[in-house]
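The first residue in the sequence is number 1, and the count goes up from there. Scope of the values below: all heavy atoms of this structure, side chains included, with no hydrogens, waters or symmetry mates.
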Amino acid sequence: MKETTAMMGNTTPPLPRLVRRARNAMVYANALAIGVPDVVARVLAGRDLSPDTDLKTFLEAKLSSLDPPDQLADIEPAARRIARAIMGGETIGLNTDFDCDGSLSNITLWRAMVEIFGHPREKLMSFVGHRLEDGYGLSARVADRIVAARPRPTLLITADQGSSDEVQIARLRAAGIPTIVSDHHSLPITGPPASAYACINPQRADCAYPDDAIAGGMVAWLLMCVVRRELIADGWLAASPANPLVDLLDGVAVATTSDCVHMASLNNRAVVRAGLNLMNTKTRACWAGMKPLLKTEVFRAETIAFGIAPRIHARSRLADSMLGLEFLLADDVREAARLAQVLDEDNQARKLIEREMLEMAIAEAESRVACGRSGLSLLLADGHAGVVGLSSSRIVERFGRPTFVFAPVANDDTLITGSGRSIDEVHLRNALQWMADKRPTLFTSAGARMGGHRAACGARILRRDFAEFEEAFDLAVRAQVGDAVLGPCRWSDGELRPHEISLETVAQLELLEPTGRGFEPARFDGEFLVDDVRAVGDGTHLKLGLRLAGRRYSGIWFKARASTDAPIPVGPGETAHFVFGLQANEFRGERRLDLVIEARVN
């Protein structure tokens, strides 16, 4: 079986289809009118921006542009209850997700209450679920630990989860522990958890807050802003013109960037810009300790997305996530560096597991695609439950279809746990709700649950229900895309003139930062003559020599093949059409241009 899987996993994937973004002529003209370079104006015109967008405000994204937190439903009573708990010296519990957004939400709440509001650290307790043993959200096992805790918390605050956990919230309420939910994930069709003391979530249908794209870390930060105002009104804190909570925006920036929320949101852009500025000017021990591993002196959004977040995620994928919290709270740079090294080792181990799982997943996905599935559901009997989300992402990239990858639950052989990733055309959480409406028992059986948002979701179901899930998921995807033919594609902002493939253009594109989902980084396409190719790094990455219009360029193609056994997808002497980004690299004091190849396309 393993030999067959490896052979199938090493087949050459189909070339993605090239899709060039349509440009809005009015946005392009408006961008030129405020003085941005032509190449930047072209990129802006290809993003989903209204012609009425104030581009100067959008690009500068200052904290003064943030929407006021008062518009979040339930935030006032929640803030008053938390302020009362702080002034009364109550024991407060924090229940946060184990991923990067959840971890930084935890740190934001902890630093706000302990370092800024003066709450004794021994009066703050963290209850973070174990991805493999407890599953997603405020699970029954986590609720057991909260009820059994001594001292028992008199108030529980969730962050980056809780909206779908009415059963456990009701149980805690019966035990005398009120729960304040702060979250950003889609709510169940029944609405906010009825037993919660308050539920702050911009996804609520009755919430007037105008931006439902903010991450869990920002919801937690906004809640702390209102708590601070309550504490000032009660005389607990002295009023000051500067908000000290702004100094916590480095954590909010990491939470926001890691969770792939929409970066066309002015709120998200503002907090990420402010947070990156903090990381680069007032570096905490954790970020200083991570720098040697990242081989960088400047933190950018991509540094978080591809450097910091994977290492924090890796710990929770393989073990208890509490070490990640220790790293984030470290006061000493040497201790932070030691903990960062452990996180890096976890990340290396995660990569090995992911590589093996990807081969299995590709083989399974190829058979589903051959059967005409629009939504892919894969059960890997030997898969690792902590890495299913990464496998889903890789399958989506390769096949261009929404995908759920499942693996066995560590402590219950009747259950499987899965993680899903989607494409732009499919709202994944809505697809799961469609399934829940059509097949009610899928997510109501003992131990079963689901939740998430547009781009990513988690699900836990009975193993015996997998075939039903697979069929229902395919139908749910078809309900959104109709008869559209799905497949891998790569978006491009068009071709660059040869003289625009330059370090000057790299500098000009900095005006667009921060970029991410919903406001993607600039990507271009062009047809190049390949001079030479060599494998680098772990053997799955390629270094390319490229020629265009008499000029020679250096290219780097990360994860160009699934494994070192897979064929190299391009050879010397070939002419190939690539989608690529531009990157400046510093080497021995010399600044060089690299074309970062994203894909070879049709």
(Q) Side chains of Ser419 and Arg421: any donor to acceptor distance under 3.5 Å? (A)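 Per modelled atom types, Arg421 and Ser419 side chains form a pair under 3.5 Å.
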Q. With distance as the sole criterion, is a donor-acceptor pair present between the side chains of Tyr28 and Asp38 under 3.5 Å?
A.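 Judged by distance alone, the side chains do pair up.
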Would you say [X] and [Y] make side-chain contact, with heavy atoms under 4.5 Å?
{"X": "Arg21", "Y": "Glu520", "value": "yes"}
{"X": "Pro569", "Y": "Arg600", "value": "no"}
{"X": "Ile461", "Y": "Phe443", "value": "yes"}
{"X": "Leu380", "Y": "Glu364", "value": "yes"}
{"X": "Val477", "Y": "Arg373", "value": "no"}

Partners passing side-chain hydrogen bond (donor to acceptor under 3.5 Å, both in side chains) against [X] (at least two apart in sequence or in another chain):
{"X": "Arg592", "value": "none"}
{"X": "Asp211", "value": "Ser265, Asn267"}
{"X": "Ser258", "value": "none"}

Tell me whether the count of non-hydrogen atoms from other residues, nucleotides or ligands lying under 6.0 Å of [atom1] in [X] goes above 12.
{"X": "Arg552", "atom1": "CZ", "value": "yes"}
{"X": "Asp413", "atom1": "CG", "value": "no"}
{"X": "Lys559", "atom1": "NZ", "value": "yes"}
{"X": "Asp48", "atom1": "CG", "value": "no"}

Basic-acidic side-chain contact under 4.0 Å: [X], [Y]:
{"X": "Asp165", "Y": "Arg449", "result": "yes"}
{"X": "Arg547", "Y": "Glu527", "result": "no"}
{"X": "Glu354", "Y": "Arg317", "result": "no"}

Q. To the nearest 0.5 Å, how far apart are CG in Leu475 and CD in Glu470?
A. 11.0 Å
Q: Quick one: pull up CZ in Arg561 and CD1 in Ile568 and give me the separation to the nearest 0.5 Å.
A: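 Atom-to-atom, Arg561:CZ and Ile568:CD1 are 4.5 Å apart.
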Q | Residues forming a salt bridge (charged side-chain N to carboxylate O under 4.0 Å, His left out) with Asp538, sequence neighbours excluded | A |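 Partners of Asp538 by the salt bridge (charged side-chain N to carboxylate O under 4.0 Å, His left out) criterion, ordered by chain and then number, come out as Arg355.
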What's the shortest heavy-atom distance between [X] and [Y], and which atoms?
{"X": "Ala472", "Y": "Trp434", "result": "O-CZ3, 3.7 Å"}
{"X": "Leu104", "Y": "Ala255", "result": "CB-CB, 3.8 Å"}
{"X": "Ser554", "Y": "Asp594", "result": "OG-OD1, 3.0 Å"}
{"X": "Ser321", "Y": "Arg315", "result": "CA-CG, 4.2 Å"}

Q.
For the aromatic rings, using the six-membered ring if either is Trp, is the centroid distance between Phe578 and Trp557 under 6.0 Å?
A.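 Yes; Trp557 has its ring centre under 6.0 Å from that of Phe578.
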Q | Ring centers of Phe519, Phe58 separated by less than 6.0 Å | A | yes
Q) Taking Phe528 as the fixed residue, which of Ile597, Leu544, Leu595, Thr575 is the one that meets the side chain to side chain contact (heavy atoms under 4.5 Å, CB included) rule? A)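 Running side chain to side chain contact (heavy atoms under 4.5 Å, CB included) over Ile597, Leu544, Leu595, Thr575 with Phe528 returns exactly one hit, Leu595.
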Q | Pairing residues for Asn347 by the side-chain contact (heavy atoms from CB on, under 4.5 Å) criterion, not counting sequence neighbours | A |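 Here the qualifying residues are Pro310, Arg311, Ala314, Arg350, Lys351.
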(Q) Suppose the criterion is side chain to side chain donor-acceptor pair (under 3.5 Å): which pairs have a residue in residues 451-460, not counting sequence neighbours? (A)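 The answer is none; no pair qualifies.
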Q.
Is it the case that the side chain of Thr256 and the backbone of Ala253 share a donor-acceptor pair, with hydrogens and angles ignored and the cut-off at 3.5 Å?
A.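 Pair absent, no side-chain N/O of Thr256 close to backbone of Ala253.
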Q: For the pair Asp493 and Arg523, evaluate salt bridge (Lys or Arg N to Asp or Glu O under 4.0 Å) and give the outcome as yes or no after the intermediate values.
A: CA-CA 6 Å; Asp493 292 298; Arg523 294 291 181 264; over 6 Å; no
